[in-house]
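Worth knowing before you read on, the calculation uses all heavy atoms, side chains too, and leaves out hydrogens, waters and symmetry mates.
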Amino acid sequence: MAILSSRRSSAAISVAAVAGLAAAGVGLAVGGASAGTVSGSLYRDPSSAVVRWVAANPGDSRAAVIRDKIASQPQARWYANFNPSTIQSEVSSFIGAANSAQQIPVLSVYEITNRDCGGASAGGAPDLNQYQTWVSNFARGLGNQTVLIILETDSLALQTCLSTGELNARNQALTTATQTIKSASPNAKVYLDGGHSTWNSANDTANRLRAAGVQYADGFFTNVSNFNPTSSEANFGRAVISALNGMGISGKRQVIDTSRNGGAAGDWCADDNTDRRIGQYPTTNTGDANIDAYLWVKPPGEADGCRYTAGSFQPDLAFSLANGAPNPPTTAPPTTNPPTTAPPTTAPPTTAPPTTAPPTTPPPTGNGCSASVAINQWNGGFTASVNVTAGSAAINGWTVTVALPGGAAITSTWNAQASGTSGTVRFTNVGYNGQVGAGQTTNFGFQGTGTGQGATATCAA
């Protein structure tokens, strides 16, 4: 869970907003032109805080807006707990689910020692030696598919609490962390902290990036947890890239956090503002060769720490960000719809992921369908994500039969209607996901007690 605040605005935030652009629905989807070095669909985390809230509160008057404009979108998963013994398995589980969906996951690493200079998001590894142990374990879970790594927000832009010796040690730690991740996962894209356009200058930012080993990374990120317009961040990024080029460091690219930059500027803290809006929807299709992606790194609706606990999901904040914002672009809809019925209100722990990779099933030939089920197990319960894939012809309606292990019982279902709760359970489509194009995939899920490991799924259309 992200616990980052946006406190770090040492300069007045620019008043050049994109509210008019957002109101007109312009610029939210970029077609045709490719981005930098990343292409593909971003992964939507089915167990994010906003998805769980929507599922648990279907009758809330704010739920539809939050569901359609925030919960439907891919967002970063934050790794901010010092858990060296379990981090590898947690990462492996998350990556496995994204790989099964053939989508690109975004992981935000927030574990550096003395993070946030002891502010609202204080914490991190006890010391830099233990930090490197944690990073090594983290890197072992990444696999070999494309992943985007947001490495240590604020670690370079916010250094006021560090002595010269501590700063040198942090720069070396970030360099080593980058090399460790790139060595373990050749397709990992690693981005270092570039602050934002109204904080440090482009030349200062480039110098900080160089000292922290950006030459070993893929580039840098900006605007995480902040509100500066995308155009301002892109201009800032070009200036940083130019400065890096002047230092002999070429080929670096930018990613921009657009999760909260679609409205007016003002006080730094989103907890106390109602003039913020979600910005450009997440995509790797930026149309700018300098920018690899527009990402939602700071999950919309998570607090900054001045009114609510930093990182806690607050539906009133999410609704304020989403209400009045354009709908997601219809040219690039999310792969799955958010849950429409409620799993339990408590979040399943993430410390005990499945020990086996989710199965994959090739699409059948002809007018049929196939189904595969991926289990996320924890002590006493599990969630299941089921992919339904049409064969070589489109289907109009489907039924998936899931055989559960003995003792397992389903407690809730989303994106499907269930018949039965244990043993062999039949799931049928709901109105919006019955039609599946040839070779295309839709998704539903369920939550249960006991163990889901070993569950199998078959599909009929």
Side-chain angles (χ1 to χ4, degrees), residues 1-11 13 48-49 75-87 90-91 107-135 137-138 149-174 176-177 191-196 199-200 205 208 211-212 221-227 257 259-260 267-273 297-314 317 347 349-351:
M1 175 181 292
I3 62 173
L4 179 67
S5 74
S6 63
R7 180 177 56 78
R8 59 202 185 282
S9 182
S10 59
I13 295 176
S48 65
Q75 302 168 37
R77 175 174 283 195
W78 285 67
Y79 292 87
N81 296 323
F82 184 68
N83 51 351
S85 64
T86 60
I87 185 60
E90 289 184 20
V91 170
L107 292 76
S108 179
V109 172
Y110 196 49
E111 200 57 61
I112 196 74
T113 303
N114 199 14
R115 71 181 181 212
D116 200 32
C117 279
S121 299
D127 57 58
L128 291 177
N129 287 331
Q130 294 183 73
Y131 174 70
Q132 296 301 344
T133 298
W134 186 95
V135 168
N137 293 343
F138 169 89
I149 308 293
I150 305 300
L151 187 63
E152 302 298 355
T153 296
D154 283 357
S155 60
L156 298 181
L158 180 63
Q159 300 175 340
T160 54
C161 62
L162 302 178
S163 67
T164 300
E166 290 169 334
L167 177 57
N168 291 337
R170 173 174 288 190
N171 285 335
Q172 183 57 56
L174 292 169
T176 302
Y191 303 90
L192 301 184
D193 176 35
H196 57 73
W199 199 347
N200 302 304
T205 298
R208 296 182 187 212
F221 58 86
T222 71
N223 212 42
V224 170
S225 192
N226 219 283
F227 312 99
D257 186 356
S259 62
R260 309 192 299 178
D267 185 11
W268 66 267
C269 186
D271 296 15
D272 296 323
N273 275 274
V297 180
K298 172 73 171 181
E302 290 197 358
D304 288 327
C306 53
R307 181 180 173 192
Y308 306 102
T309 301
S312 63
F313 178 76
Q314 300 295 333
L317 298 181
T350 58
T351 53

Task: OG on Ser155 to CD on Glu111, rounded to 0.5 Å - done: 12.5 Å
Open item on the list: Testing the basics here: between Arg208 and Leu156, what is the closest heavy-atom pair and its distance to 0.1 Å?
Closed with: NH1-O, 2.7 Å
Task: Heavy-atom pair of closest approach, residues Ser259 and Lys298 - done: OG-O, 2.9 Å
Open item on the list: Looking at every heavy atom in both Thr153 and Ile150, which two are closest together, and how far apart are they?
Closed with: OG1-CG2, 4.0 Å
Task: For Thr222, side chain to side chain donor-acceptor pair (under 3.5 Å) partners two or more places apart - done: Glu233, Gln254
- [ ] Drop me the distance from Asp304's CG to Ser121's OG, to the nearest 0.5 angstrom.
- [x] 8.5 Å
Task: Backbone of Glu152 reached by a side-chain donor or acceptor of Arg115 within 3.5 Å - done: no
TODO: Indicate the atoms forming the closest heavy-atom contact of Ala49 with Glu302, along with that distance.
DONE: CB-OE2, 4.3 Å
TODO: With sequence neighbours excluded, tell me which residues meet side chain to side chain donor-acceptor pair (under 3.5 Å) with Asp127.
DONE: Gln130
TODO: Can you sort out the partners of Thr113 under side chain to side chain donor-acceptor pair (under 3.5 Å), two or more places apart, ordered by chain and number?
DONE: none
Task: Ser163: partners by side chain to side chain donor-acceptor pair (under 3.5 Å), with sequence neighbours left out - done: Glu166
Task: Ala173 backbone acceptor or donor facing Gln132 side chain under 3.5 Å - done: yes
Task: Side-chain heavy-atom pair Trp78, Pro299 within 4.5 angstrom cut-off - done: yes
Open item on the list: So Gln159 and Asn200, do their side chains get closer than 4.5 Å, heavy atoms only?
Closed with: no
- [ ] Can you see which heavy atom on Ser108 is nearest to which on Val297, and at what distance?
- [x] OG-CG1, 4.2 Å
- [ ] Hey, could you give me the CG/CG distance between Asn226 and Asp257, rounded to the nearest 0.5 Å?
- [x] 9.0 Å
Open item on the list: Any heavy-atom pair between the side chains of Tyr131 and Ile112 that's under 4.5 Å?
Closed with: yes
TODO: Examine distances only and state if a side-chain atom of Asn83 and a backbone atom of Ser85 form a donor-acceptor pair shorter than 3.5 Å.
DONE: no
Task: Nearest-0.5 Å distance that lies between atom CD1 in Ile149 and atom OH in Tyr191 - done: 10.0 Å
Task: Backbone of Ile87 reached by a side-chain donor or acceptor of Asn137 within 3.5 Å - done: no
Open item on the list: Within the 4.5 Å heavy-atom criterion, are His196 and Asn223 side-chain neighbours or not?
Closed with: yes
Open item on the list: Checking Ser48 now: which residues fulfil side chain to side chain contact (heavy atoms under 4.5 Å, CB included) with it, not counting sequence neighbours?
Closed with: Asp45, Val50, Val51
- [ ] Could you tell me which residues satisfy ring pair (Phe, Tyr, Trp, His ring centres under 6.0 Å) with Phe138, sequence neighbours excluded, listed by chain and number?
- [x] Tyr79, Trp134
TODO: Identify the two heavy atoms, one from Thr205 and one from Gly194, that lie closest to each other, and give their separation to 0.1 Å.
DONE: CG2-O, 3.7 Å
